[in-house]
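Heads up: the structure comes next, in structure tokens.
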Amino acid sequence: MPSACDSLVDDIEDMVSANDPTPHERHFSRTSVVPRARKRSVRHTAEELQADSVIPGTQKIWMRTWGCSHNSSDGEYMAGQLAASGYKMIDDPAEADLWLLNSCTVKNPAEDHFRNSIKKAHLQDKKVVVAGCVPQAQPRMDYLKGLSIIGVQQIDRVVEVVDETMKGHSVRLLGQKKDNGKRLGGARLDLPKIRKNPLIEIISINTGCLNACTYCKTKHARGDLASYPIEELVERARQSFQEGVCEIWLTSEDTGAYGRDIGTDLPSLLWKLVEEIPEGAMLRLGMTNPPYILEHLEEMAKILSHPRVYAFLHVPVQTASDSVLMDMKREYCVADFKHVVDFLKEQVPGITIATDIICGFPGETDADFEETMELVRSYRFPSLFINQFYPRPGTPAAKMDQVPAQVKKQRTKELSALFHSYNPYDHKVGERQHVLVTEESFDAKFYVAHNKFYEQVLVPKNSEFRGKMIEVDIYEAGKHYMKGRPVAASPVFTPSIAQPLLKGQVSGLTQELTASSPNGNLTESSTLTALSWNLDKEGLKLLFLGLGILVIIVAFVMEKFL
């Protein structure tokens with residue numbers, strides 16, 4: 001992954017020139033960051049070191065991200081900016097100088113893992129920066145005291161925060177981005193990024209949502225709906241394809257609500273994006289709640305039928321009881337959900353509908369739960385996310401009368417047993433399908449591909465297949481996957497219009513800037529050049545002014561001595 005120059009330094013000039021960019025080349029907005037000195041005991045030696053003797057941009061950083069694809073995209077952007085600024089992103093937490101922990105607040109277990117990671121970092125004497133929805137929603141939690149925090153809309157300033165943390169300061173950036181009083185979608189989409197998978201680009205089309213679900217903690221962090229303009233999203237997709245991406249995921253807290261705050265809508269965005277998708281590449285739409293997809297059903301059916309869009313939609317129902325839906329404040333009834341599913345199944349044959357269900361929401365009776373069981377029996381969802389209810393602090397649902405823990409566990413177990421009682425892909429054995437290969441299986445024995453319906457197909461681990469569209473014969477089916485045998489006479493099709501970036505390479509920089517050394521890290525010259533990505537207009541003026549003065553001095557010296 002990108003790193004700073006690893007050569008030895010002999011004096012301070014070498015140190016600054018090789019590893020530390022000039023002030024106008026980095027952090028043009030640093031003046032707005034107010035560091036708070038961290039209280040710590042300092043052992044006095046003969047010569048006391050100053051905090052600024054730490055040269056930022058030379059250290060190793062380990063990052064972990066929990067939660068949704070939106071969080072994953074934020075993590076990729078933060079890693080990209082840090083790498084472009086000279087920091088080395090590594091996979092081994094033990095070797096890191098700083099841990100960047102990108103949290104999720106949806107469930108108690110996710111926050112528990114996050115909190116335990118902070119404790120582990122302290123035990124190993126690691127510096128810590130926290131990001132994501134947990135600190136944004138609850139920055140005053142005891143276990144966050146003294147830590148640097150990056151808000152969900154401030155990820156474009158991660159370098160500043162890490163710099164100050166490396167110097168021993170505590171910095172907190174939790175503000176909302178606004179333009180003339182109007183809330184913006186968040187950080188810019190053209191920031192440097194390191195994709196976890198170089199073949200897949202995750203694009204957040206909006207932040208926040210229009211709902212006020214009584215169980216949701218994410219709303220506290222992400223806030224109300226704020227959409228990115230269509231032209232910015234299209235440009236990001238176009239750039240991604242130029243960097244070898246062959247699959248795009250659109251993500252947000254509710255993709256169906258896209259554009260309602262800026263006078264447009266989801267179908268308008270999707271039709272523009274479809275124009276940019278190369279042949280053989282695919283687009284996957286993220287989660288959408290029923291209320292905001294109902295009015296676009298006909299257009300959505302046409303878009304999901306497009307050969308370059310996966311016929312897949314994630315529509316959470318949460319419960320099949322109207323009374324429980326009212327307590328959740330979900331703003332739809334079960335009939336609305338069924339109408340969405342039935343219409344799309346009729347208009348887009350074979351479409352995959354994924355859904356979510358919460359077991360044991362406060363007030364849920366046995367009769368309510370049985371309605372949910374019946375819904376699953378009827379639709380036999382091939383992809384079902386089953387969640388036991390966890391009361392999140394600060395939400396209205398946490399103050400409601402709770403279903404006993406044992407009952408919640410039992411209902412979760414019963415629904416899980418029902419889900420595992422049927423195999424949704426058995427009837428597809430013998431079919432011939434075109435699939436796009438983008439990932440590696442967890443056991444590293446297969447490559448993972450997806451067909452038009454975003455159903456998982458395992459194929460032989462042939463390096464020639466990765467990032468390609470191939471034709472396979474389905475010969476086996478499991479609960480969550482199928483296995484495909486490549487058709488011998490069928491050609492392998494390359495959907496990418498460019499060579500994909502290497503693992504760990506920084507997106508958003510030109511190929512010249514991201515020239516890599518054999519180990520995958522940026523070379524010294526490319527690292528230093530990459531630092532200029534965030535130069536603002538004032539910085540450029542200063543740069544040219546400095547060059548002009550230098551030319552005058554050189555001319556004066558030459559005239560005097562020659």
Quiz item: Excluding sequence neighbours, so at least two apart, what forms ring-ring contact (aromatic ring centres under 6.0 Å, His included) with Phe241?
Solution: none
Quiz item: How many angstroms lie between NZ in Lys60 and CD1 in Ile90, if you round to the nearest 0.5 Å?
Solution: 6.0 Å
Exercise. Return the set of residues passing salt bridge (charged side-chain N to carboxylate O under 4.0 Å, His left out) with Arg238 (not counting sequence neighbours), or none when no residue passes.
Key: Glu235, Glu276
Quiz item: To the nearest 0.5 Å, how far apart are CZ in Phe493 and SG in Cys246?
Solution: 11.0 Å
Quiz item: Do we see a donor-acceptor contact under 3.5 Å between the side chains of Asn71 and Thr65?
Solution: no
Quiz item: Can you name the side-chain contact (heavy atoms from CB on, under 4.5 Å) partners of Lys219, sequence neighbours left out?
Solution: Cys209, Cys216, Asp224
Quiz item: What residues form a side-chain contact (heavy atoms from CB on, under 4.5 Å) with His434, not counting sequence neighbours?
Solution: Met469, Glu471
Quiz prompt | Closest approach of Ala110 to Cys104 (non-hydrogen atoms, all atoms of both residues) | solution = CB-O, 3.8 Å
Practice problem: Tell me, please, which residues at least two apart from Arg195 pass salt bridge (charged side-chain N to carboxylate O under 4.0 Å, His left out). | Solution: Glu201, Glu243
Quiz prompt | salt bridge (Lys or Arg N to Asp or Glu O under 4.0 Å) contacts touching residues 461-470 (sequence neighbours left out) | solution = Glu440-Lys461
Quiz item: Will you find, in the side chains of Gln456 and Tyr425, an N or O donor that is under 3.5 Å from an N or O acceptor?
Solution: no
Quiz item: Distance only, no hydrogens: is a donor on one side chain within 3.5 Å (strictly under) of an acceptor on the other, for Tyr87 and Asp163?
Solution: yes
Quiz prompt | Where at least one partner belongs to residues 441-458, residue pairs that pass salt bridge (Lys or Arg N to Asp or Glu O under 4.0 Å), sequence neighbours excluded | solution = Lys428-Glu455
Practice problem: Using the test side-chain contact (heavy atoms from CB on, under 4.5 Å), find all partners of Lys483 that sit at least two apart in sequence or belong to another chain. | Solution: Phe446, Leu458, Tyr475, Glu476, Tyr481
Practice problem: Mind telling me whether Phe312 and Tyr454 have parallel, tilted or perpendicular rings, with 30° and 60° as the class edges? | Solution: tilted
Quiz item: What do the steps show when you test Leu189 against Leu233 for side-chain contact (heavy atoms from CB on, under 4.5 Å), and what is the final call?
Solution: CA-CA 8 Å; Leu189 295 174; Leu233 295 165; 3.5 Å; yes
Quiz item: With sequence neighbours excluded, what pairs up with Glu232 under the salt bridge (charged side-chain N to carboxylate O under 4.0 Å, His left out) test?
Solution: none
Quiz item: For His70 and Glu253, does a side-chain donor sit closer than 3.5 Å to a side-chain acceptor?
Solution: yes
Quiz item: Does NZ or CZ of Lys107 come closer than 6.0 Å to the centre of the six-membered ring of Phe389, within 45° of the ring's axis?
Solution: no
Quiz prompt | Lys NZ or Arg CZ of Arg115 over Tyr143 ring: under 6.0 Å, within 45° | solution = yes
Quiz item: Can you name the nearest heavy-atom pair linking Lys127 to Thr165, along with the distance?
Solution: CD-O, 3.3 Å
Self-check item: Qualifying ring pair (Phe, Tyr, Trp, His ring centres under 6.0 Å) pairs with a residue from residues 89-139, counting only residues at least two apart or across chains
Solution: Trp62-Trp99, Trp66-Phe114
Quiz item: Salt bridge or not for Asp74 and Arg222, using N-O below 4.0 Å?
Solution: yes
Practice problem: Ignoring hydrogens and angles, state whether a donor on the side chain of Arg392 or Thr105 is under 3.5 Å from an acceptor on the partner side chain. | Solution: yes
Exercise. Applying side-chain contact (heavy atoms from CB on, under 4.5 Å), name anything that partners Asp92, two or more places apart in sequence or on another chain.
Key: Ala94, Glu95
Exercise. Report the relative orientation of the aromatic rings in His480 and His420; use parallel for angles under 30°, tilted for 30 to 60°, perpendicular for over 60°.
Key: perpendicular
Exercise. Determine the minimum heavy-atom distance between Leu82 and Met89, stating which atoms define it.
Key: CB-SD, 4.0 Å
Quiz item: Taking only residues two or more places apart in sequence, or in another chain, which ones meet Asp142 in a salt bridge (charged side-chain N to carboxylate O under 4.0 Å, His left out)?
Solution: Lys145
